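Worksheet: the structure to be examined is printed underneath.
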2 protein chains.
Amino acid sequence: MTKPDSKRSSVALVTGKPANAAEEQVNNGSSDPSVSSSPHHALTPATPTKHKSAKQVSRDNLSRRNTESEVFDDGTNTFFWRAHTVTVLFILTCVLVYVTLLEETPQDTTYNTKRGIVASILVFLCFGVTQAKDGPFTRPHPAYWRFWLCVSVVYELFLIFVLFQTVRDGRQFMKYIDPKLGVALPERDYGGNCLIYDPGNTTDPWHNIWDKMDGFVPAHFLGWYIKTLVIRDWWMCMIISVMFEFLEYSLEHQLPNFSECWWDHWIMDVLVCNGLGIYAGMKTLGWLSMKPYQWQGLWNIPTYKGKIKRMAFQFTPYSWVKFEWKPASNLRRWLAVLGIIFMFLLAELNTFYLKFVLWMPPEHYLVLLRLVFFVNVGGVAMREIYDFMDDPKFYRKLGQQAWLVAAITVTEFLIVVKYDPRTIMLPIPFFVTQCWFLGIVLILSWTLWRFFIRDITLRYKDARRRKQEVTGDCGRPHGNGGTATPSGRSKLNGISESLRHRKS
Amino acid sequence: MTKPDSKRSSVALVTGKPANAAEEQVNNGSSDPSVSSSPHHALTPATPTKHKSAKQVSRDNLSRRNTESEVFDDGTNTFFWRAHTVTVLFILTCVLVYVTLLEETPQDTTYNTKRGIVASILVFLCFGVTQAKDGPFTRPHPAYWRFWLCVSVVYELFLIFVLFQTVRDGRQFMKYIDPKLGVALPERDYGGNCLIYDPGNTTDPWHNIWDKMDGFVPAHFLGWYIKTLVIRDWWMCMIISVMFEFLEYSLEHQLPNFSECWWDHWIMDVLVCNGLGIYAGMKTLGWLSMKPYQWQGLWNIPTYKGKIKRMAFQFTPYSWVKFEWKPASNLRRWLAVLGIIFMFLLAELNTFYLKFVLWMPPEHYLVLLRLVFFVNVGGVAMREIYDFMDDPKFYRKLGQQAWLVAAITVTEFLIVVKYDPRTIMLPIPFFVTQCWFLGIVLILSWTLWRFFIRDITLRYKDARRRKQEVTGDCGRPHGNGGTATPSGRSKLNGISESLRHRKS
């Protein structure tokens with residue numbers, strides 16, 4: 001607790017650049033200061049030749065540090081953190097020996113095939129949970145996140161397999177997982193009578209509202225609460241929430257269960273369920289970014305209450321990074337944020353389309369499992385994408401979980417396209433097309449103006465002002481060369497940013 | 001090239017503790033000096049409270065440094081080292097889109113199933129090659145070793161699947177890989193006429209020798225050359241080479257192709273093929289441990305000859321660690337070395353038994369592929385085991401490749417046991433049993449003597465000598481407390497070591 005210096009270095013490794021930092025440093029030969037042992041060293045460049053790059057990195061680190069929580073860790077839980085590679089290998093061997101030598105193999109080929117595939121998956125999980133690369137999250141235990149990484153791999157491989165089957169075979173293949181599947185399902189229609197107060201129904205004129213109050217209301221709330229924790233930004237959450245209702249409007253001619261009453265779309269979904277979920281999520285985010293991150297070993301805590309509190313806190317994050325997406329800061333971040341919103345909406349649509357084309361009833365446990373899966377991997381993937389975007393030099397890899405989530409979303413969409421091209425290709429109503437066209441044009445023109453035209457105008461104004469300055473203050477001596485620095489730096493950081501600095 | 005200080009730190013990360021070091025440091029909170037930026041810092045303990053552990057670690061580091069080569073790297077090949085995660089994801093997406101939208105799916109279910117499985121494996125390789133955890137080797141490219149890691153996973157899962165089938169189904173399952181497989185094979189007998197000079201054959205009395213000069217002679221030589229590079233120890237290689245011939249003698253009643261003439265065993269195999277292979281391997285090891293490890297970017301080299309030399313050297317190791325197994329230094333290392341030799345011999349026997357029980361002809365390409373596979377993963381696994389053994393505190397994980405090779409060897413052996421228990425259980429001749437019994441008794445008694453009885457005797461002698469010293473030099477002042485240190489240290493390092501120090 002009283003040795004922040006030696007601890008801080010390990011903290012920087014956990015929160016900012018986990019494990020990769022050392023790797024990247026080796027591979028690229030760049031002197032990343034976050035690995036060095038003293039924080040003071042991180043702010044002073046090591047050698048004169050590396051002056052500029054070290055300065056730049058330290059500036060990036062500073063801006064990063066503002067969004068990161070400080071962590072103090074006494075580092076006592078060593079046993080808990082170990083991966084027990086040899087123990088797992090030993091147990092696995094024992095289980096295999098038992099199965100091979102003491103169990104009679106059934107003569108049923110189909111059953112054995114299934115059992116063989118399940119056993120392969122379990123062995124893969126054994127390997128992955130003990131040995132896979134760690135991601136950015138460490139609580140409650142790194143093995144928990146390694147487990148979900150391996151589940152992503154298995155799910156993606158399952159999707160790829162399904163993608164390569166014929167439509168009929170693919171749907172019948174689901175029978176191997178659950179014999180009740182593989183049967184065509186009728187679509188439920190959520191629309192119909194849209195009167196909030198229905199005078200025709202004398203027993204209960206409000207029956208339309210009560211009908212909508214099913215299990216999906218708390219599901220929507222909980223879903224958006226978690227999505228807010230994943231995205232960590234009020235604006236992006238609201239945009240995705242509203243955009244999804246627009247998508248439901250646009251696609252209700254394809255999937256009838258997208259057709260809802262207007263007040264169901266805007267009041268029930270956006271305002272009540274999603275809005276409250278986002279509000280609760282933002283409150284939690286505020287608490288998470290303010291709460292102190294002090295980790296003590298369980299045996300170092302004297303009181304029982306403290307021990308129980310420590311155990312509960314094991315299920316909260318190890319440290320916290322506030323996401324600042326800053327979509328307007330440069331073109332790359334703008335495109336990345338657009339891409340994230342696009343993939344997010346695509347993954348949401350896949351939930352509905354995938355169960356539609358694979359004939360899954362909405363209440364089937366596989367549908368729920370898929371959502372539980374996305375809740376667990378989504379947070380890791382978003383954090384990895386944020387880290388990837390935040391890296392100024394493209395040195396960092398795109399995180400493994402983000403890579404897999406992207407691949408899974410694409411594969412799911414391709415399955416939808418392959419299994420039901422007719423539904424996807426149903427002609428879009430003219431009014432809807434117009435709306436989307438308008439929206440795309442607006443986004444494109446804003447992009448053009450913000451990152452191209454505005455820059456040119458500003459650069460022109462800047463050049464003219466400088467000319468005036470030169471003609472006006474011709475003989476005045478320069479102080480420390482301060483005016484020369486931004487124009488030199490502009491090549492490194494993109495021109496628009498330096499111009500904004502100058503403007504403010 | 002002239003900044004060894006900053007480079008040395010990155011070197012320590014590459015050779016000694018790749019990527020894991022940082023991770024371990026975070027997880028365990030131990031202050032491993034090899035991560036700190038200045039080499040001087042590594043040898044001076046950071047805080048007084050951590051005095052003892054830091055001292056111990058630095059001593060381990062020192063002994064480690066003697067076996068490690070020094071590396072100088074100007075760190076220019078940044079593009080080459082990047083994993084291109086986004087590029088691979090993009091290409092994968094394009095391929096999937098092509099297959100889904102532009103290709104007609106065949107109507108053949110069996111073909112589609114096969115194609116789906118192959119596609120899943122390829123996607124897994126795509127993911128693994130870009131994203132899997134790096135191992136200890138980096139040349140020619142880390143992706144090469146990630147590829148073999150993924151192949152190990154696929155092979156292990158294949159073995160697990162085969163293990164769960166019935167014997168008949170498992171053998172017929174091989175037909176899916178090659179339709180020519182799944183047919184019982186006659187065993188070839190290598191024994192027979194054992195006369196070196198055969199006077200009965202008038203045309204060529206030496207024909208027995210020429211008969212043995214088949215493709216297996218260079219295969220044996222090459223195999224042992226590579227095994228020597230993997231094990232990096234003359235004694236262990238010779239022991240394994242001789243032990244395997246003993247195993248062939250002992251098991252020729254089970255597999256007839258183990259039965260060879262005495263001169264084929266001892267002269268052709270042990271002396272000529274294996275011996276020459278080991279000799280050539282030791283010469284190469286000597287060169288590898290002496291050669292300078294200086295890595296310059298290709299564009300920094302002025303001459304064409306230098307560029308070509310640099311390209312060729314890309315296929316030599318990045319750095320070199322001499323293996324010093326020291327089996328007699330303590331009980332743990334002794335048991336580990338015994339275990340390695342046991343697993344090595346088991347893997348060699350599996351080569352013969354596996355093709356026997358799965359009805360694979362010896363010249364089938366799958367048999368060869370398995371050997372190529374073992375050549376590639378064996379080196380990584382052995383290095384990881386060496387690193388694991390070398391770690392004094394058990395903090396390090398057993399490397400992922402070593403974990404997989406162990407699991408694969410066990411699974412292969414279990415397949416052999418399950419598929420042909422009768423052959424395995426054929427009664428061993430009495431003479432052979434006696435020999436093995438004698439061998440095991442010898443090893444056990446040596447272990448007992450070396451690590452238990454000898455220690456007790458030495459400790460007793462030590463105590464008596466100290467008593468004599470105390471009675472003899474009662475009034476003499478102690479110089480720097482030099483005699484007190486070893487007995488205090490003995491608790492940390494095992495008693496036998498300190499006693500040996502005292503003896504010498």
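Not measured: the values here are computed from a predicted model. In the text below, chain A, chain B and the rest are named by the order of the sequence lines, each starting its count at 1.
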Query raised in the report: B:Leu101 versus chain A, heavy atoms under 4.5 Å apart: side chain, backbone, both or neither?
Result: side chain
Report task. Could you check A:Val86, A:Thr87, A:Thr130 and say which one makes a side chain to side chain contact (heavy atoms under 4.5 Å, CB included) with B:Leu398? Result -> A:Val86
Query raised in the report: How about B:Thr109 and A:Thr166: do any of their side-chain heavy atoms sit closer than 4.5 Å?
Result: no
Report task. Carefully, step by step, assess B:Leu414 and A:Val97 under the rule side-chain contact (heavy atoms from CB on, under 4.5 Å). Result -> CA-CA 7 Å; B:Leu414 287 176; A:Val97 166; 3.9 Å; yes
Query raised in the report: Just wondering, do A:Leu96 and B:Ile160 contact through their side chains at under 4.5 Å, heavy atoms?
Result: yes
Report task. Can you tell which part of B:Leu163 gets under 4.5 Å to a heavy atom of chain A, answering side chain, backbone, both or neither? Result -> side chain
Query raised in the report: Which bit of A:Pro106 comes within less than 4.5 Å of chain B, counting heavy atoms only: side chain, backbone, both or neither?
Result: backbone
Query raised in the report: Side chain, backbone, both or neither: which part of A:Ile415 has an atom under 4.5 Å from a heavy atom of chain B?
Result: neither
Query - Within-4.5 Å side-chain heavy-atom neighbours: A:Phe161 and B:Thr113 - result: yes
Query - Which atoms of B:Leu92 approach chain A - backbone, side chain, both or neither, heavy atom under 4.5 Å - result: side chain
Report summary line: Checked A:Arg168, A:Glu103, A:Gln400, A:Gln107 vs chain B; the most non-hydrogen pairs under 4.5 Å come from A:Gln400
Query raised in the report: Any donor and acceptor pair, going by atom type alone, linking the side chain of A:Lys133 with main-chain N or O of B:Gln131 inside 3.5 Å?
Result: yes
Report task. State whether the side chain of B:Lys418 and the backbone N or O of A:Val99 hold a donor-acceptor pair below 3.5 Å, judged by distance alone. Result -> no
**Report entry** Contact winner vs chain A - B:Val118, B:Thr105, B:Thr93, B:Val162, heavy-atom pairs under 4.5 Å
**Finding:** B:Thr105
For residues 401-411 of chain A, which side-chain N or O atoms pair as donor and acceptor with protein atoms under 3.5 Å away, sequence neighbours left out?
{"unit_1": "A:Gln401", "atom_1": "NE2", "unit_2": "A:Ser152", "atom_2": "OG", "d": "2.7"}
{"unit_1": "A:Trp403", "atom_1": "NE1", "unit_2": "B:Thr85", "atom_2": "O", "d": "2.9"}
{"unit_1": "A:Thr409", "atom_1": "OG1", "unit_2": "A:Val405", "atom_2": "O", "d": "2.8"}
{"unit_1": "A:Thr411", "atom_1": "OG1", "unit_2": "A:Glu156", "atom_2": "OE1", "d": "3.2"}
{"unit_1": "A:Thr411", "atom_1": "OG1", "unit_2": "A:Glu156", "atom_2": "OE2", "d": "3.1"}
{"unit_1": "A:Thr411", "atom_1": "OG1", "unit_2": "A:Ala407", "atom_2": "O", "d": "2.5"}

